[in-house]
Protein chains: 2
Amino acid sequence: MPESLTAAEPQRRPRGRPRKAPDALDEGNRRQELLRGAARLFRNKGFAATTTRDIAAAAGMQSGSPFYHFESKAALLFAVMEQGMRAALRSQAQALQAAAADRASSQDLLRTLVRAHFDVLLGPGSDFIPVMLYEWRSLTPAQRADIARLQRDYETAWADALQALCAAGTIRADARVARLMMLGALNWSVQWYKPKQGASLDELTEQVMQLFLPRN
Amino acid sequence: MPESLTAAEPQRRPRGRPRKAPDALDEGNRRQELLRGAARLFRNKGFAATTTRDIAAAAGMQSGSPFYHFESKAALLFAVMEQGMRAALRSQAQALQAAAADRASSQDLLRTLVRAHFDVLLGPGSDFIPVMLYEWRSLTPAQRADIARLQRDYETAWADALQALCAAGTIRADARVARLMMLGALNWSVQWYKPKQGASLDELTEQVMQLFLPRN
DNA sequence: CCTACCGATCGGTAGG
DNA sequence: CCTACCGATCGGTAGG
């Protein structure tokens, strides 16, 4: 290449909006945008019916660009679920910490878990966990094992609270069945709950408590 | 073609198993085989991830042959759900008839509905309703409206039974929320129930009754 | 992160 | 219901 051409390159700043440097922060932002868009699309159309082109477009990218951030479409699905579960675990831990500080009863502990779960399922930015609930079969066995470990952690708090309530006779059913039924009842709400109409998540929590613990 | 070749064709019956005539009964059987295979595949892999070639192979056909029986892959999905709902409605009506003959209480009526629902979800040949529960978003709006009408009929019996129990104070929650939570709890069982191990459907029904109606 | 592209696969069809 | 096929689309990649 003739030296004159490179030497002719001016040293002034480029006009217009400066191109952001591809530093670590920025790369995390783009990756995060991909994850949010993918979560929304996976939830609304399903994993197999969502194309990587859909996901790229949602983040304002060209069709091949998601593969700069994620190895494959399957890796994107896994990342959505993993990030969803880690956020859910943080949210649950925070709620339990507050309940412990209040010396909450077993019943109030359950209420805390129900309310936190509704937030995870139906609160703002809540596409990640619904994707996990309804795209489990789209994971590879190895991915499933990883997510299952996070789910076990999440359900431990439920198992403990329900065990206490069963032992006290407040709930009269096998603790495992009670846990599966309660979580199923709550998880189903993603199918019918409309945020802008009907009961608030606080009201829904009270309804659930009255339904499962009618004595108090 | 030389006449000798066609004239040489013998008039005797072909050897081996006689090819079944494509009469109405037979066509219904083949169609039914396609539906059963499609239901199983849609349940295990999801609608979008199942190819019409998978479905053809499950029925022992070549790749283009399902389209002799169904207009499109979408029509197959709709037929699976519609047939599933019609069978569920028949099963529910039969159970309710027996309960009415026994002058069943509201509580026994609910037990009857729970038991019939478990059969629909988890009993033998129960792939059709799980497909409906987890592939709703794969339907076109027009298909959705048709299936929703059948679902409304199915849920009417639940609404009536729960309304009676709420009015009597046996269940202390909004009747609509109670219905959504109960059906959600039961529907979730398709995610964890293993027919060959754990509780039977009768035992599970008793657990559900104790959980939701603990007073009696 | 974009451009340009590839091989594979998919739903569906014409003709028999 | 099979054979042979088509146009479209898809996940993913090389090179920059």
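Order of the sequence lines sets the chain letters (A, B, ...), proteins ahead of strands, with each chain counted from 1. Computed from heavy atoms alone, side chains included, the values below leave out hydrogens, waters and symmetry copies.
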Inset, instruction - Just jot down the salt bridge (charged side-chain N to carboxylate O under 4.0 Å, His left out) partners of A:Glu155, sequence neighbours excluded, or say none. - result: A:Arg179

Legend entry - Greater than 12 external heavy atoms within 6.0 Å of A:Arg115's CZ: yes

Legend entry - Pairing residues for A:Gln62 by the side chain to side chain donor-acceptor pair (under 3.5 Å) criterion, not counting sequence neighbours: none

Inset, instruction - Figure out the CD/C1' separation between A:Gln62 and C:dC2, and round it to whole Å. - result: 6 Å

Inset, instruction - Dot-bracket notation for DNA chain D is requested: 5' to 3', Watson-Crick or G-U wobble pairs only, both distances under 3.5 Å, with ( ), [ ], | and . as defined. - result: ||||||||||||||||

Inset, instruction - With sequence neighbours left out, write down each residue that passes side chain to side chain contact (heavy atoms under 4.5 Å, CB included) with B:Ala99, or none if nothing qualifies. - result: B:Ala104, B:Leu109, B:Thr112

Legend entry - By side chain to side chain contact (heavy atoms under 4.5 Å, CB included) - contacts of B:Gln97 (at least two apart): none

Legend entry - Any residue meeting side chain to side chain contact (heavy atoms under 4.5 Å, CB included) with B:Gln94, in chain and number order, not counting sequence neighbours: none

Show me, pair by pair, the donor-acceptor contacts under 3.5 angstrom made by side chains of residues 70-80 of chain A, not counting sequence neighbours?
unit_1: A:Ser72; atom_1: OG; unit_2: A:Ala74; atom_2: N; d: 3.4
unit_1: A:Ser72; atom_1: OG; unit_2: A:Ala75; atom_2: N; d: 3.1
unit_1: A:Lys73; atom_1: NZ; unit_2: A:Phe47; atom_2: O; d: 2.9
unit_1: A:Lys73; atom_1: NZ; unit_2: A:Thr50; atom_2: O; d: 2.7

Legend entry - Results of salt bridge (charged side-chain N to carboxylate O under 4.0 Å, His left out) for A:Asp146 - residues two or more places apart only: A:Arg149

Legend entry - side chain to side chain donor-acceptor pair (under 3.5 Å) partners of A:Thr51, counting only residues at least two apart: A:Asp54

Inset, instruction - Between protein and nucleotides 5-16 of chain C, map the contacts as a letter string: B base, S sugar-phosphate only, - none, heavy atoms under 4.0 Å, written 5' to 3'. - result: B----BBBB---

Legend entry - Partner residues of B:Phe118 under the side chain to side chain contact (heavy atoms under 4.5 Å, CB included) criterion, sequence neighbours left out: A:Met181, B:Val114, B:Leu122, B:Leu186, B:Ser189, B:Leu201, B:Leu204, B:Thr205, B:Val208

Inset, instruction - Give, ordered by number, those residues of residues 33-44 of chain B having at least one heavy-atom distance below 4.0 Å to an atom of DNA chain C; if nothing qualifies, reply none. - result: none

